[in-house]
Amino acid sequence: MVRFVGKQCLLSIPTILLLTFFVFAIVYLIPGDPAEALLGNTASPEAIAAYRQKMRLDEPLLVQYGVWLGRVVHGDLGVSVRTSEPVIDAIVARLPVTLQLSAVALAFALVGGVPLGVLAATRRNSAWDGVAQLVGLAGLAMPGFFLALLLILVVSLKYGLLPVSGYVSFTENPVESFKSLLLPAVTLGFAVLGAITRMTRTAMLEVLGDNFITAARAKGLRERTVLVRHALKNALIPVVTLTGLQLGSLLGGTIIIEKIFGLPGIGRLMIDNVYAHDFPVIQGVLLFLALIRLATNLATDVLYALLDPQVRFQ
Amino acid sequence: MVMLGGWKRLLSSQLAMAGLLICVVIVALGLAAPMTAPYDPAQLGAGLPMQPPSASHLLGTDELGRDVFSRVVYAARIALYVSLASTLLAAIVGIPLGLVSGYYRGWVDSVVMRVTDAWLAFPVMVLALGMTAALGPGLNNATLAIGFVTIPLFIRLTRGQVLSLSQRQYIEAARAAGQSNTIILARHLLPNIVPVLIVQFSLAAGSAVLVETALSFLGVGVMPPTPSWGSMLSSAQAYLLMAPWMAIAPGTCIFLLVLGLNLVGDGLRDALDPRTAR
């Protein structure tokens, strides 16, 4: 197992290097001088010249990349043009909100999706199956921002059940904090809910057709035991993988959700700085989210290997 | 014959047909926008501001008195254009890279695979947003950004297909007969991957619609005065309680188009997959 994890980590080193290069190179897409873009248009010519010198912007691209990477490796993502705050601090400060939001969203998707998928598979062509397939399709096609507006309209504006927007921190008031996260989390988790429902249904249907299920039934086990201990346990392996892989896109979805609901998280940091053309922050968030995604994918691979011993020996 | 059976299965799938119908209706409405739209989409004060749906304004009017139905119909053109153009761009770049990578293997394959790994590490929405931040907003830049984030999906899929098809006997036969690599790639491998690619194309087009409308919603995609479903939703946000139709009309359009493209994609996949053939 240790060897497996080690090998996976080694394999991701070139990926991480390339990924940092993507992030580095994005400022070269900006029309004009990257130094000007990185310092903002209020910077004086002297400041720009000094910056060019410091980042060695007059040298070949690969040298520039090396200089940039050297700083990033030491945790220096640069400073925000607008606020002069170190980018890494800005990200760390916003992280708790985004993590809470993603956790609640994921919990909602799992708690809703797995049972619904199981019900659909065990009662094929029943009303439950219809609901499951509908949720599966809606999860694919429903834009998060439209769902958010619909929920705000009905739940918050018409019936006043939950706040329209704003964030209350957990330490301040746990109940209000949960209430402020509920609608954003449901919106964010809906697409994942659809995917988990579909995957659970398909995996359960496949497993239920297997011989070992027939054998378990023939042994006289109760149907409950057959379903939960034998079928679900196996069907959950692809569901776990899917959930792990969805984690990264969940973080991408936080951009719009945090903006609509006014949550001060990483997604909000990203979009605010896109508006402000604050490229050091944009680069920092890009890098951070891609690394998180890579890490969760790696963790998913390891978890998959733990759950399914066949993978380890390939 | 396989294709023929596949089409028959596709036609008999009600969901796929419903999806096709949705797509056809949206394409027809969009293409014929000058005829189907009763008003100029940019005309201020085509009616009173924020009127609910009525006979003269099928989907009501917005905060500036513009006809929502006319705007929705013109915005369909934008959604379809961006989705088609970006997916086409991704396919044109991604498919050859996947073919070469899967067929020649070796160091080319290693390089291409590591690059796509890094590419795919970025959540789609985040990378598209980062690119539009650098490129600037607008129709063409949004198309470019969405196309760019879709490329690795086509590389991956094509490569995987080539890897599995290369083992087949007819490819070995072609090689034994002394046919050149170019001929094998273009005449023997590519045509057999086309069905899978069509499926991928319709699914990718659906996701492109979601990304374009999201970018436009955030105000960094298609810019006003060009009507986009995303920007319509964004301005509807302020008048949610007073004029919900301003949000419901474009939002439903996005939902239906993406749903349609996904249903068609799923239907095609089932129809073309011999394993589910009955």
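To find a chain, count down the sequence lines: A is the first, B the second, and so on, and within it residues start at 1.
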> Could you check which of B/Leu240, B/Val258, B/Leu135 has the highest count of heavy-atom pairs closer than 4.5 Å to chain A?
B/Leu240

> Name the one of B/Val211, B/Ile146, B/Leu210, B/Thr150 that satisfies side-chain contact (heavy atoms from CB on, under 4.5 Å) with B/Val124?
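Filter result, single survivor: B/Val211.
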
> So which of A/Val27, A/Ile260, A/Leu251, A/Leu150 has the largest heavy-atom pair count under 4.5 angstrom toward chain B?
A/Ile260

> With B/Leu259 as reference, evaluate B/Leu263, B/Leu257, B/Leu261 under the side-chain contact (heavy atoms from CB on, under 4.5 Å) test and give the passing residue.
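It is B/Leu263, the one option of B/Leu263, B/Leu257, B/Leu261 that forms the side-chain contact (heavy atoms from CB on, under 4.5 Å) with B/Leu259.
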
> Could you have a look at B/Leu129, B/Leu233, B/Leu256, B/Thr132 and say which one has the most heavy-atom pairs with chain A under 4.5 angstrom?
B/Leu129

> Between A/Ile282, A/Leu137, A/Leu294, A/Asn273, which shows the greatest number of heavy-atom pairs under 4.5 Å with chain B?
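Of A/Ile282, A/Leu137, A/Leu294, A/Asn273, A/Leu137 has the most heavy-atom pairs under 4.5 Å with chain B.
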
> Looking at A/Tyr275, A/Phe22, A/Phe146, A/Tyr28, which has the largest count of heavy-atom pairs under 4.5 Å with chain B?
A/Phe146

> Tell me, out of A/Gly144, A/Gly252, A/Pro31, A/Ser12, who's got the most heavy-atom pairs with chain B below 4.5 Å.
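The answer is A/Gly252.
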
> If we ignore hydrogens and angles and just use 3.5 Å, is the side chain of B/Thr143 paired with the main-chain N or O of B/Ser86 as donor and acceptor?
no

> At a 4.5 Å cut-off on heavy atoms, which part of A/Ala138 comes close to chain B: side chain, backbone, both, or neither?
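It is both, since atoms from each part get that close.
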
> Just give me the residue among B/Leu218, B/Asp117, B/Leu241 that pairs up with chain A most often, heavy atom to heavy atom, under 4.5 Å.
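Max contact count across the listed options: B/Leu218.
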
> Do you know which of A/Ile255, A/Val23, A/Thr20 has the most heavy-atom pairs with chain B at a distance under 4.5 angstrom?
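Heavy-atom pairs under 4.5 Å are most numerous for A/Ile255.
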
> Among A/Leu11, A/Ile16, A/Leu18, which has the most heavy-atom pairs under 4.5 Å with chain B?
A/Leu18

> If you round to the nearest 0.5 Å, how far is OG of B/Ser207 from CG of B/Leu153?
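With rounding to 0.5 Å, CG (B/Leu153) is 7.5 Å from OG (B/Ser207).
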
> Is A/Phe21 close to chain B through its backbone or its side chain, or both, or neither, when contacts mean heavy atoms under 4.5 Å?
neither

> For chain A, which candidate among B/Thr252, B/Val209, B/Val220 shows the most heavy-atom pairs at distances under 4.5 Å?
B/Thr252

> Examine B/Phe217 together with B/Trp229 and report whether their ring centres are nearer than 6.0 Å.
no

> With chain A, which of B/Ala214, B/Ser234, B/Ala128 has the greatest number of heavy-atom pairs at distances under 4.5 Å?
B/Ala214

